[in-house]
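Inspection log for the structure reproduced underneath, given as structure tokens.
Below, chain A is the first sequence line, B the second, and so on; all start at residue 1.
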Amino acid sequence: MGNPISGERSAACARISKFYNRAAWIDGRAEEQLEQVAGWPGMTAVAGFPDLHPGRFGPVGAAFLADRIWPQLVGPDIGCGMALFRLDLPRRRLKLDKAARRLAVLEDGADLHQALAALDAAGLTGLIGPEALGTIGGGNHFCEVQVVDEVMDHTRTDLQKDDLCLLVHSGSRGRGAGIFQGLDDSWKQGFAAESDAAARYLALHDAAIRWARVNRALIASSASEALGCEARLICDTVHNHVVPHSDSWLHRKGAACPEGGLVPLAGSREAPSYLLEVPDTVPEALGSVSHGAGRKYDRSSMHGRIRKTRSDLAALTRTRFGGRVICGDRDLLLEEAGQAYKDPDQVLQNLAGFGLANAVARLLPLVTFKTTGGAA
DNA sequence: ATGTTC
């Protein structure tokens, strides 16, 4: 990665706060990245969370406070986030294989009329189009039916054990990536807060954020319609964005911004997810918290960790909870295997230990939808 | 991450 300003030595390193202990699985390269970014010009504070892992331009699972805007600390998927919905479908009415088949409608995206109406309601008409709206995308994105396994704090939710939920992880699809790639090279040194380049970036960024929220809502709408029920939003939290924060700019990269004091923490297809309450009482955490378990192993290394026989790959489509995984892309199926991710219970233990979050509910995966198609 | 693509 390296400091993007060659030759310029930063006067001082930002304050670095690490919210994990020795028991946490942290890749040394991610910590090196955290320390390097802390030395970038104008950086005043950085926070690393227990899901920390290496990224392209800096670590993922971290928040960065600076006097300028660094688009690479938001990354290409501007507006990516996790939205959790409650489904008004009794668990006994969910047939896993039938649900798995019906969720294939997500491959098509949203109905065009519905998409245009949703964009209009979000004030995006004329700013950003409906193409790919309602689609999940690739990588770590998914739409997952989950069941509430236990409610730990009934004061923060009306969820009950055995309720069904939908967790949607998606972002701005090609929009954010296009915005990032379309920037002139001056982004490599950060945008001065008052510059025209910053204003142009922020306008596009804000539209991508809103588009990504609409995208998650439409994914949930399509999924719940396919399952014959309705989805009610619990919270929708963004984890890739830059926002004003105490006279500076707060960058979140794989670090969630709570909504109504709540955040979903995604586990994996082989591990629980959690609904967290975030008291926001630790200023060094920069109003942020983990959005998931975090990768343990990078994508390429997963190809050497799992055998690719027909039966080994078939085993990846069933989970230890008896759940289903729909992923017609063989590479993606193993790159996103449960073992590629850290233990969410360990992540939660660290967050709770530092006073950043408490578990409200534990949810188990039942149907993890990625894609029907892809590589043969 | 990606209207990515050997």
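A salt bridge (charged side-chain N to carboxylate O under 4.0 Å, His left out) with A:Glu336 holds for exactly one of A:Arg330, A:Arg269, A:Arg295; it is A:Arg295.
Residues passing the side-chain contact (heavy atoms from CB on, under 4.5 Å) test with A:Asp163 are A:Arg86, A:Val148, A:Leu159, A:Gln160, sequence neighbours excluded.
Taking the ring centre of A:Tyr297 as origin, the terminal cationic atom of A:Arg305 falls inside the region bounded by 6.0 Å and 45° from the ring axis.
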I'd like to know whether A:Glu335 forms a side-chain hydrogen bond (donor to acceptor under 3.5 Å, both in side chains) with A:His303, so could you lay out the CA-CA distance, the side-chain angles of the two residues, the decisive distance to 0.1 Å, and finally the verdict. CA-CA 7 Å; A:Glu335 288 166 7; A:His303 289 269; 2.7 Å; yes
Audit row: A:Tyr201, A:Phe180, ring-ring contact (aromatic ring centres under 6.0 Å, His included) steps and yes/no: CA-CA 9 Å; A:Tyr201 172 73; A:Phe180 188 43; 7.9 Å; no
For residues 106-115 of chain A, dump all side-chain donor-acceptor pairs below 3.5 Å to protein atoms at least two apart in sequence or in another chain.
from     : atom 1 : to       : atom 2 : distance (Å)
A:Glu107 : OE1    : A:Thr372 : N      : 2.8
A:Glu107 : OE1    : A:Thr372 : OG1    : 2.9
A:Glu107 : OE2    : A:Thr371 : OG1    : 2.8
A:Asp111 : OD2    : A:His113 : N      : 3.2
A:Asp111 : OD2    : A:Gln114 : N      : 2.9
A:Gln114 : NE2    : A:Ser221 : OG     : 3.0

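If you check every strand for non-hydrogen atoms under 4.0 Å, A:Arg299 touches sugar and phosphate atoms only. Residue-level contact check: A:Gly178 touches neither bases nor backbone, having no heavy atom under 4.0 Å from any strand. At the heavy-atom level, A:Gly139 lies under 4.0 Å from the strands shown only through sugar-phosphate atoms. Backbone-only contact: A:Gly138 has heavy atoms under 4.0 Å from sugar-phosphate atoms and none from a base.
If you walk DNA chain B from 5' to 3' and mark each nucleotide with an atom closer than 4.0 Å to a heavy atom of chain A, the marks span B:dA1 to B:dG3.
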